[in-house]
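The structure appears below as structure tokens.
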Amino acid sequence: MEEDDTSPDAAALPSWYHEIFPAGPCKGFLHNLGMHSVLFVDRGSPQLVVTFDNLAEAGGRHLDREPWAGKFCRDKGWSHLSVFAQGPTWFRDQHLITFMEGLRDQGLFARFDRVAWAGTSMGGFGALAFSDLAPGSTVVAFSPQTTLSEDLTPWENRFQKGRVQDWTLPRSDAAQHLDHGGATFVIYDPMLAEDRQHIERLPQKGLMLLKGIGLGHKSALLLRRMEQLKPVMEGAIEGTLTQAAFREMIEGRKSLYLYRKNIEAYLDAKGQAERSNRFRAAFRRRRRAEAAAAPTKESGDPAPASIGAVAARDPVATIATPATVAAGLQPVRPKEPGNAWMIQRSGAGHLRYMSDRWDGRTIGYEERHGHTLSQTGEIVLGVVGLGHGVGVERSFLKAYPWHVLGPDLSRHVPRMSASSVAEIDLAIKDQIQAELPWMVAISANQPGAVAADFMADAPALTKLEDDITQAVDGCQQWGKSLFVDRVNLRLLTGAPDTSEDEAHAHYAAVGRDVQKRITAITGQGSDPALVVSQSCGSQTDGRSPVILAEGRLEIENPLAGFVVATPTYPYPMMADMPATHTPDAHAIIDTLEVLALQAVQRGQPWHCPSLQFAKLKGDTITAQFSAMSDLVLEDPKRHGFALLGSKTRITGVTVAGRTATISLSEAPSDTDMTLSYAWGRKAKKGTGFAANLGSLRDDWSMTCPWNSDITLHRFALAGCARVTRN
């Protein structure tokens, strides 16, 4: 028989055909199902990897077509099941679904000790949607979708050809198919709102989120260009990949052109053209610096240390000492003015030295990227202020300009809520000579806050995400990690009539949302605390149910991370803004918030006295408080108690231990009475303080760290208790 001249050349055949053709070394099959084909190569390995085409591979008709990750699996010796697609199908094909479920029923997946499902974008959807066919399997999904059903993802409008597929078929919502007992690794860019919303639909059990800011939707492509796609895949499939390891793997993305385009697109979409231009200029400077520092073939010098975690530990290359000057070497001088000694220059050109330029104190400084900051550890603390009053400027006797930074790591930070909290925190640490970290202050001001101000795409939350993203990127350039340990919340000041239940639910929802946004961007392993100071209404009206809800946030949400630091009724308010405290009052409130969180972080309790119940006997009410120590009534004339639901007058108040005794003008006959403390008052004229008043506290006190003339106290929270009869 003559050889067929039309037969393909062996070199043109795909590599998998050489393995499973009739005389090949491996068992396997290729099933053509029309719009999809399924290829299986059994290499005798206990590990099976199942992959799905993405849009870049879908529709390829060339003879030597390879499956996604085919060479990777072959090099590892792993068995491989691959699903090819002939278009943007999102695998919405009953023939394919039936075939894949048939493989399960025939025991194909059960034959392997370990099964992993992988894909990117459309392929990531496929990996998620079919993964429960192998209980206990692993999923590796790059920038996946969970569904394109309009009913479930009305906000997704990027894949119109995929949207028109049949989303009534089984396995149309990948979020419903991950309860299979295995690990799910999801690699994505949290700055992309659509990708992030898909990820938020996934069940949390077994979910490992690997966030790569600036990777964009083509996360697998950028990983490949960094030569990190294979290590990421291998680590995930073998179960050794961690979030810390992934962060190190993607350090090199900042030199990629696609990274630059992704960041610019994000900033431009947010209407931040100026930041986009600054970022573009900084990227170009970095690329030029890297090109200039790259070793030549003649020099044979090693490549310079990259900007990242390793850069913080660069070996010393130059020390400016008399010996170096005598040897004819050029001495190195910092850009900042002032004394400087023990100057060291790293291999990457960064300077470290000692100076007494700040307050006459000698501390270490570091100069990188045109900025000079103090030398600190690798963890940078983030402080967030969100809501009403955040933008009121404070003033202090002492600043920490080398430690309190803005989101861009600038030392010029307006002294608003977050920077105030940061300075106070440092001042308290400074008093006990503790190490002073960098603290990034992020203030998202929202005067007269109402519920709508904190919906999903609210400007305040968008700005918060932008600032945290900028801070994370900046810290990484210094070899540091941002950890946001607190969010100071003040919500619903513009909606004081919100019911107590609604206010409670709003605080809980916004708090959890902000925690999720922050951890998604920073990658930190624990949520920030939610620090709240109980509001007090205005100078003329203190009947807001929101006040009562705030006072009980910590008690009714024990796992949410709320810390109720102090009530705010004892502190003066602005004359021209009758619902906003003065700058000095804000500073005192900020200080108490810092002290409260520091106590909690040390594992110590912090609870303001709180009214628990009230009992009536004759003409006397006994009010029991929960408190950390005995009660003190500073001014009996400003006791703050009122009896609601009765015209009976309060004639006097005394305290002993944790009990307040309220004397009445007569024994009331009313059957439905409520005892209130520092709540529910009205006033015809402003006094400079809230209409709600009170002077009850416990016996704790402390000298204010920034003003020794001020003594701090832990005042009782505003509250109400139904009066019962003995």
>> side chain to side chain contact (heavy atoms under 4.5 Å, CB included), that's the test. Do N445 and S443 meet it? Break it down for me.
In response: CA-CA 6 Å; N445 188 34; S443 295; 5.9 Å; no
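- Put simply, the side chain of Q515 gets close to the backbone of A560: a donor and an acceptor are under 3.5 Å apart.
- Within the model, atoms CG of L696 and SG of C608 stand 11.0 Å from one another, a figure rounded to the nearest 0.5 Å.
- Contact record, F279 with L267: CB-CD1, 4.2 Å, taken as the closest heavy-atom pair.
- Atom OG of S533 sits about 12.5 Å away from atom OH of Y569, to the nearest 0.5 Å.
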>> If you apply the rule side chain to side chain contact (heavy atoms under 4.5 Å, CB included), what do you find for L595 with L712, and how did you get there?
In response: CA-CA 10 Å; L595 292 169; L712 303 174; 3.7 Å; yes
>> Determine whether Q344 and Y353 satisfy the following criterion, side chain to side chain donor-acceptor pair (under 3.5 Å), listing intermediate values before the conclusion.
In response: CA-CA 6 Å; Q344 301 176 350; Y353 58 92; over 6 Å; no
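- Using a 4.5 Å heavy-atom cutoff, the side chains of I547 and N692 are in contact.
- In this structure a side-chain-to-backbone donor-acceptor pair under 3.5 Å is missing from Y266 to M191.
- Pairing each heavy atom of I263 with each of G214, the nearest pair is CD1-CA, 3.8 Å.
- Under the side-chain contact (heavy atoms from CB on, under 4.5 Å) criterion, A434 pairs with K429, I432, sequence neighbours left out.
- More than 12 heavy atoms of other residues, nucleotides or ligands shown are found within 6.0 angstrom of CZ on R512.
- Side-chain contact between P528 and V514: absent, with no pair of heavy atoms (C-beta onward) separated by less than 4.5 Å.
- Remark: the backbone N or O of V484 is paired with a side-chain donor or acceptor of Q524 at under 3.5 angstrom.
- Within 6.0 Å of atom CD in E274, 12 or fewer heavy atoms from other residues, nucleotides or ligands are found, so the atom counts as exposed in its surroundings.
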> Checking salt bridge (Lys or Arg N to Asp or Glu O under 4.0 Å) for the pair E378/K480: CA distance, chi angles, key distance, verdict?
Replying inline: CA-CA 5 Å; E378 294 183 2; K480 301 179 187 292; over 6 Å; no
>> Before you tell me yes or no, could you show the steps for H403 and W358 under ring-ring contact (aromatic ring centres under 6.0 Å, His included), namely the whole-Å CA-CA distance, both residues' side-chain angles and the distance that decides it to 0.1 Å?
In response: CA-CA 11 Å; H403 295 84; W358 171 48; 5.7 Å; yes
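- Separation of the Y365 and W402 ring centroids falls under the 6.0 Å cut-off.
- Residues T566 and Q534 form no side-chain contact, since every pair of their non-hydrogen atoms from C-beta on lies 4.5 Å or further apart.
- Without hydrogens or angle criteria, S695 side chain to D635 main chain gives a donor-acceptor distance under 3.5 Å.
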>> Could you go through E264 and R260, starting from their C-alpha distance and side-chain angles, then the distance that decides it, and tell me whether this counts as salt bridge (Lys or Arg N to Asp or Glu O under 4.0 Å)?
In response: CA-CA 6 Å; E264 288 176 3; R260 169 193 150 184; 2.7 Å; yes
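- Salt bridge annotation for R486-D425: present, with a cationic side-chain nitrogen under 4.0 angstrom from a carboxylate oxygen.
- Here CD of E423 is found 10.5 Å from OG1 of T591. Values are rounded to the nearest 0.5 Å.
- In this structure, the side chain of S410 does not engage the main chain of G406 through any donor-acceptor pair within 3.5 Å.
- Between T711 and M702 the shortest side-chain heavy-atom distance does not fall below 4.5 Å.
- We find the CD1-CD distance between I588 and E593 to be 12.5 Å, quoted to the nearest 0.5 Å.
- A donor-acceptor contact shorter than 3.5 Å links the side chain of R658 to the backbone of A627.
- For the residue pair N339 and S355, the shortest heavy atom distance occurs at O-OG, 2.5 Å.
- The CG atom of D698 lies 4.0 Å from the CZ atom of R714; values are rounded to the nearest 0.5 Å.
- In this structure, the separation between NE2 on H581 and CE on M573 is 4.5 Å, given to the nearest 0.5 Å.
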> So K254 and Q477, side chain to side chain contact (heavy atoms under 4.5 Å, CB included) or not? Walk me through it.
Replying inline: CA-CA 9 Å; K254 295 180 180 179; Q477 292 187 29; 3.9 Å; yes
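- R253 approaches I213 most closely through the heavy-atom pair NE-O, 2.6 Å.
- Summarising the geometry of A565 relative to W606, their closest heavy-atom pair is O-NE1, 2.9 Å, with the distance given to 0.1 Å.
- Side-chain N or O atoms of D590 include none that pairs as donor or acceptor with a backbone N or O of S420 at under 3.5 Å.
- Within a 6.0 Å sphere centred on CE of M455, other residues, nucleotides and ligands contribute 12 heavy atoms or fewer.
- Looking at S629 and W700, their side chains never bring a donor and an acceptor atom within 3.5 Å of each other.
- In this structure the side chain of F562 never reaches within 4.5 angstrom of the side chain of V531, judged on heavy atoms.
- When every heavy atom of P407 is checked against every heavy atom of D467, the shortest pair comes out as CB-O, 3.6 Å.
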> Going through the checks in order, is the side chain to side chain contact (heavy atoms under 4.5 Å, CB included) test met by H504 and N557?
Replying inline: CA-CA 9 Å; H504 180 272; N557 297 270; 2.7 Å; yes
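- You'll find the side chain of W341 reaches within 4.5 Å of the side chain of T362, heavy atoms only.
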>> Please determine whether salt bridge (Lys or Arg N to Asp or Glu O under 4.0 Å) holds for the pair E465 and K463, giving the CA-CA distance in whole Å, both sets of side-chain angles, and the decisive distance to 0.1 Å.
In response: CA-CA 5 Å; E465 288 187 328; K463 180 182 184 301; over 6 Å; no
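- For R361 and D356, the salt-bridge test fails: no basic side-chain N is under 4.0 Å from an acidic carboxylate O.
- A donor-acceptor distance shorter than 3.5 angstrom exists from the side chain of Q539 to the backbone of G688, with no hydrogens or angles considered.
- At a cut-off of 3.5 Å, with distance as the only test, no side-chain donor of H388 or S535 sits close to an acceptor on the other residue.
- Counting only heavy atoms from C-beta outward, the side chains of V563 and L530 never approach each other to under 4.5 Å.
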>> Show, in sequence, the C-alpha distance, side-chain angles and deciding distance for E336 and R411, and conclude whether the salt bridge (Lys or Arg N to Asp or Glu O under 4.0 Å) test is met.
In response: CA-CA 13 Å; E336 293 281 349; R411 301 197 311 268; 3.3 Å; yes
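- Proximity of D584 to I710: side-chain heavy atoms (C-beta onward) are nowhere separated by under 4.5 Å.
- Here the side chain of R368 pairs no donor or acceptor atom with the backbone of H350 at under 3.5 angstrom.
- Looking at Q243, its side chain does come within 3.5 Å of a backbone N or O of L209 through a donor-acceptor pair.
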